[in-house]
Amino acid sequence: QKEVEQNSGPLSVPEGAIASLNCTYSDRGSQSFFWYRQYSGKSPELIMFIYSNGDKEDGRFTAQLNKASQYVSLLIRDSQPSDSATYLCAVRPSGGYNKLIFGAGTRLAVHP
Amino acid sequence: DAGVIQSPRHEVTEMGQEVTLRCKPISGHDYLFWYRQTMMRGLELLIYFNNNVPIDDSGMPEDRFSAKMPNASFSTLKIQPSEPRDSAVYFCASSLTGPNQPQHFGDGTRLSIL
């Protein structure tokens with residue numbers, strides 16, 4: 001079992017819809033969770049992070065965390081074609097240090 | 001503020017040659033990470049440093065790879081000798097200490113070994 005799992009996609013949604021990206025992780029002691037966006041040919045850029053159970057909202061983005069189910073998700077409201085990218089889920093495992101374990105990423109395609 | 005700076009942006013070289021990738025972390029960051037990204041394997045952590053000391057190099061694929069961090073503002077990743085299967089995008093990232101501190105990535109070096 002991979003430590004951080006994501007559906008590779010592509011996830012195709014129409015412009016204006018809600019895109020839902022999901023991630024599960026295996027280390028129950030994981031401390032914090034990050035979502036990165038990566039455009040083709042570019043480097044990963046941080047969208048947001050979450051460390052407490054529940055929802056965290058930032059503009060059109062909402063991160064949701066359920067530690068009991070070892071599940072974290074990212075919702076993108078009012079999806080735009082410019083949101084088309086690969087979204088990487090990253091998990092900070094237990095045991096100290098600032099290491100992140102990345103999932104393989106979900107490719108999102110928003111079509112007009 | 002300047003972000004993580006990597007050089008070169010692109011490198012094309014022949015098999016067997018030595019390749020050196022360079023990284024300047026964000027000033028004040030005490031963690032530095034080297035990653036490799038390919039379509040097949042995704043983003044792989046190769047090695048990371050804390051306060052210039054290597055903490056975990058278990059991701060380094062083999063002895064042909066080595067990394068150093070002689071001071072807080074500079075790190076190198078060296079491949080000697082290089083092989084075509086080393087072709088990938090290599091990213092450097094840095095962060096502050098803390099469970100909620102994100103990693104900030106450089107623009108990467110696209111390496112092609114012919």
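To find a chain, count down the sequence lines: A is the first, B the second, and so on, and within it residues start at 1.
With a threshold of 4.5 angstrom between heavy atoms, A:Gln38 approaches chain B through side-chain atoms but not through N, CA, C or O. There is no contact between B:Asp30 and chain A, counting heavy-atom distances below 4.5 Å. Only the side chain of A:Tyr36 comes within contact range of chain B, judged by heavy atoms closer than 4.5 Å. Only the side chain of B:Gln37 comes within contact range of chain A, judged by heavy atoms closer than 4.5 Å. At a 4.5 Å heavy-atom cutoff, the contact between B:Arg110 and chain A is made by side-chain atoms alone. Within the 4.5 angstrom heavy-atom criterion, only side-chain atoms of A:Leu46, from C-beta onward, approach chain B.
Counting only distance, with no hydrogens or angles, the side chain of B:Gln101 and the backbone of B:His29 share no donor-acceptor pair below 3.5 Å.
Once rounded to the nearest 0.5 Å, the distance linking CG of A:Asp27 with OG of A:Ser30 reads 3.5 Å. The structure places CH2 of A:Trp35 at 12.5 Å from OG1 of A:Thr62, a figure rounded to the nearest 0.5 Å.
Across B:Val89, B:Thr97, B:Asp56, B:Asn50, the residue that shares the most heavy-atom pairs under 4.5 angstrom with chain A is B:Thr97. Contact count against chain B (heavy-atom pairs under 4.5 Å) is highest for A:Pro44 among A:Pro44, A:Gly41, A:Ser32. Counting heavy-atom pairs under 4.5 Å between each of B:Asp107, B:Asn100, B:Leu43 and chain A puts B:Asn100 at the top.
Both A:Phe33 and A:Val4 belong to a common hydrophobic cluster when Ile, Leu, Val, Met, Phe, Trp and Tyr are linked at side-chain heavy-atom distances under 4.5 angstrom.
Outside the 6.0 Å centre-distance limit, the rings of B:Phe91 and B:Tyr35 are not counted as a close aromatic pair.
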